[in-house]
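Below is one structure, written out as structure tokens, with a few remarks after it.
Numbering of residues begins at 1 and proceeds along the displayed sequence. Computed over heavy atoms, backbone and side chain alike; hydrogens, waters and symmetry mates excluded.
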Amino acid sequence: MARALQLARRGLATTHPNPRVGCVLVRDGKIIGEGWHERAGGPHAEVMALQAAGDGSEGATAYVTLEPCSHHGRTPPCAEALIAARVDRVVAAMQDPNPEVSGRGMAALQTAGITVESGLMESEALRLNRGFVKRMQAGRPWVTVKLAMSLDGRSAAADGSSQWITGEAARQDVHRLRAEAGAVLTGIGTVLADNPALNVRLEHYSGLQPRRIVLDSRLRMPASARMLTIEGITTVLTCADSRESTAALLDAGAQVEVFPANAGRLDLQAVLDWLGSQAVNEVLVEAGAELAGAFLQAGLADEVITYLAPKLLGDSGRGLMALPAVHSIDQALELKVVDMRAVGEDWRITATLL
């Protein structure tokens with residue numbers, strides 16, 4: 001199963017909106033075939049492993065990181081493929097959270113006389129597909145807020161300059177985070193101040209470009225924005241119904257979605273619900289202090305990744321997040337640090353919300 005999970009990770013940047021799945025076929029104590037789901041619309045992991053095993057699958061055990069599917073989508077059901085190959089046993093790390101599949105794949109295998117087990121390395125499998133699981137169960141994606149700060153907790157110098165607080169290794173690591181996300185979300189303030197591309201720029205990268213989402217309540221997005229000149233989809237979410245501005249953005253290649261205003265602003269819960277309806281599993285928030293703080297204040301962030309740079313920007317530097325004042329320590333918003341490691345000259349701290 002550890003090998004199946006390792007294979008599944010090869011699809012981190014290529015399978016969304018589908019889950020990342022790996023499969024290993026074993027007979028007489030030896031691996032006879034293995035595969036992983038490479039791209040949405042392509043063969044699933046079980047089919048790839050069966051093809052690799054050839055005629056040797058009869059009587060084998062299939063270790064798969066997710067319950068084999070039982071429904072007809074863009075590809076035939078994997079449960080049927082395993083039954084046709086006459087495998088003897090299927091071990092799944094976790095049950096599929098998709099209501100169209102959940103439990104039905106296992107039931108189909110058992111009805112065919114195949115021994116079925118599940119739960120092996122389940123926590124690792126859940127983490128690998130946490131965005132897919134959240135979308136299936138809650139209807140919205142997993143939200144990661146990415147931040148970068150100096151040792152004294154500043155996100156920018158007093159004049160607003162922030163390029164670059166972190167070093168090259170950390171910036172490359174952010175591109176990896178983008179590659180693994182279905183969408184990268186920012187606010188119009190960041191667009192107007194920095195004109196970012198928000199795409200993946202990794203050497204030899206052949207994965208999918210994440211969808212770029214700009215929250216722009218008053219529709220100030222310039223049609224000349226850098227992100228509208230490069231590969232990938234940019235969608236502007238707004239509360240303003242301006243035909244002229246919308247037409248200019250559409251001509252520039254953007255998509256525009258109009259939402260009802262909530263006190264003159266976009267409702268973040270409605271935004272996430274919409275992203276879930278667009279089959280987005282993971283959202284990486286790369287925004288300024290106000291929007292980043294808004295996600296945490298609303299309880300909509302699942303994870304915070306902070307890059308800590310060995311710099312001091314002083315008392316006049318800009319703060320990391322806009323959050324309400326905390327008058328006593330017992331009012332602090334608590335997080336759980338789940339990972340801390342050096343990335344070049346910087347440190348990356350990953351924490352989840354309690």
Side-chain angles (χ1 to χ4, degrees), residues 130 134 138-162 165-166 174 177 181 183-194 196 213-218 220 237-240 259-276 282-309 311-340 347-354:
R130 59 192 184 177
K134 183 146 196 176
R140 66 178 181 89
W142 177 274
V143 178
T144 296
V145 176
K146 188 275 293 182
L147 305 165
M149 69 178 186
S150 62
L151 277 177
D152 54 348
R154 306 299 176 182
S155 64
D159 65 356
S161 60
S162 60
I165 288 180
T166 57
V174 172
L177 294 179
V184 178
L185 184 149
T186 195
I188 186 60
T190 297
V191 174
L192 295 176
D194 300 334
I213 306 295
V214 179
L215 304 193
D216 181 10
S217 299
R218 291 181 284 160
R220 294 180 290 157
L237 308 187
T238 186
C239 305
F259 284 69
N262 182 5
R265 305 174 71 90
L266 285 158
D267 182 280
L268 296 183
Q269 179 66 66
V271 167
L272 293 180
D273 289 342
W274 178 81
L275 287 170
E282 291 108 357
V283 174
L284 178 66
V285 177
E286 294 192 57
E290 185 176 354
L291 184 53
F295 270 98
L296 270 81
Q297 187 177 348
L300 297 174
D302 298 295
E303 177 182 68
V304 177
I305 295 180
T306 305
Y307 293 88
L308 185 62
K311 292 181 175 70
L312 298 173
L313 295 181
D315 289 345
S316 297
R318 299 193 177 182
L320 188 63
M321 281 183 286
L323 291 170
V326 174
H327 299 288
S328 62
I329 194 65
D330 60 346
Q331 295 176 335
L333 180 63
E334 294 191 19
L335 298 89
K336 179 182 179 181
V337 175
V338 296
D339 185 76
M340 182 183 296
W347 282 87
R348 186 186 72 209
I349 303 169
T350 303
T352 55
L353 277 291
L354 294 177

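Taking 4.5 Å as the limit, some side-chain heavy atom of Lys146 sits within range of a side-chain heavy atom of Val174. Counting heavy atoms from C-beta on, the side chains of Cys239 and Arg218 never come closer than 4.5 Å. Here the side chains of Val271 and Asp267 are not in contact, with every heavy-atom distance at 4.5 Å or above. With contacts defined as side-chain heavy-atom distances shorter than 4.5 Å, the pair Phe295/Leu272 qualifies. With a 4.5 Å cut-off on side-chain heavy atoms, Thr144 and Leu177 do not count as touching. Two residues are said to be in side-chain contact when any heavy atoms from C-beta on lie closer than 4.5 Å; Leu268 and Leu291 meet this criterion. When side chains are defined from C-beta on, Leu354 does not count as touching Leu335, because their heavy atoms never get closer than 4.5 Å. Under the 4.5 Å side-chain criterion, counting only non-hydrogen atoms from C-beta, Leu312 is not in contact with Ser150.
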| query | Taking it one step at a time, do Thr350 and Met340 satisfy side chain to side chain contact (heavy atoms under 4.5 Å, CB included)? | reply | CA-CA 6 Å; Thr350 303; Met340 182 183 296; over 6 Å; no

| query | Which is it for Leu296 and Met321 under the side chain to side chain contact (heavy atoms under 4.5 Å, CB included) test, yes or no, and what are the steps along the way? | reply | CA-CA 9 Å; Leu296 270 81; Met321 281 183 286; 4.0 Å; yes

| query | Taking it one step at a time, do Asp302 and Leu353 satisfy side chain to side chain contact (heavy atoms under 4.5 Å, CB included)? | reply | CA-CA 6 Å; Asp302 298 295; Leu353 277 291; over 6 Å; no

| message | Would Arg318 and Leu313 count as a side chain to side chain contact (heavy atoms under 4.5 Å, CB included) here? Give the steps. | response | CA-CA 9 Å; Arg318 299 193 177 182; Leu313 295 181; over 6 Å; no

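Smallest separation of non-hydrogen atoms from Pro196 and Val191: CD-CA, 3.7 Å. Closest of all the heavy-atom pairs between Leu323 and Gly293 is CD2-O, 3.4 Å. Closest heavy-atom contact between Arg140 and Leu300: NH1-O, 3.6 Å. Of all heavy-atom pairs spanning Pro141 and Glu282, the tightest one is CB-N, 4.0 Å. Residues Glu286 and Thr186 approach most closely at O-OG1, 2.7 Å, considering heavy atoms. Closest of all the heavy-atom pairs between Ser217 and Thr238 is O-OG1, 3.0 Å.
Checking Val304, Ile305, Ile349 one by one against Leu147, the side chain to side chain contact (heavy atoms under 4.5 Å, CB included) holds for a single residue, Val304.
Environment of CG in Asp339: crowded, with over 12 heavy atoms of neighbouring residues, nucleotides or ligands closer than 6.0 Å. Enclosure of atom CD in Glu334 is not indicated, since only 12 or fewer non-hydrogen atoms of other residues, nucleotides or ligands lie within 6.0 angstrom.
Atom OG1 in Thr190 sits 10.0 Å away from atom CG in Leu185 (nearest 0.5 Å). With rounding to the nearest 0.5 angstrom, the CZ atom of Phe259 is 4.5 Å from the CG atom of Leu237. Atom NZ of Lys311 and atom CG of Leu151 lie 9.5 Å apart (nearest 0.5 Å).
Using modelled atom types, no side-chain atom of Asn262 and backbone atom of Leu266 make a donor-acceptor pair closer than 3.5 Å. One N or O on the side chain of Ser155 and one on the backbone of Gly319 form a donor-acceptor pair closer than 3.5 Å. Side-chain atoms of Arg348 do not come within 3.5 Å of backbone N or O of Leu308 as any donor-acceptor pair.
In this structure Arg130 satisfies the salt bridge (charged side-chain N to carboxylate O under 4.0 Å, His left out) test together with Glu303, sequence neighbours excluded.
A salt bridge is defined here as a Lys NZ or Arg NE, NH1 or NH2 lying under 4.0 Å from an Asp or Glu carboxylate O, and Arg265 with Glu290 meets this definition.
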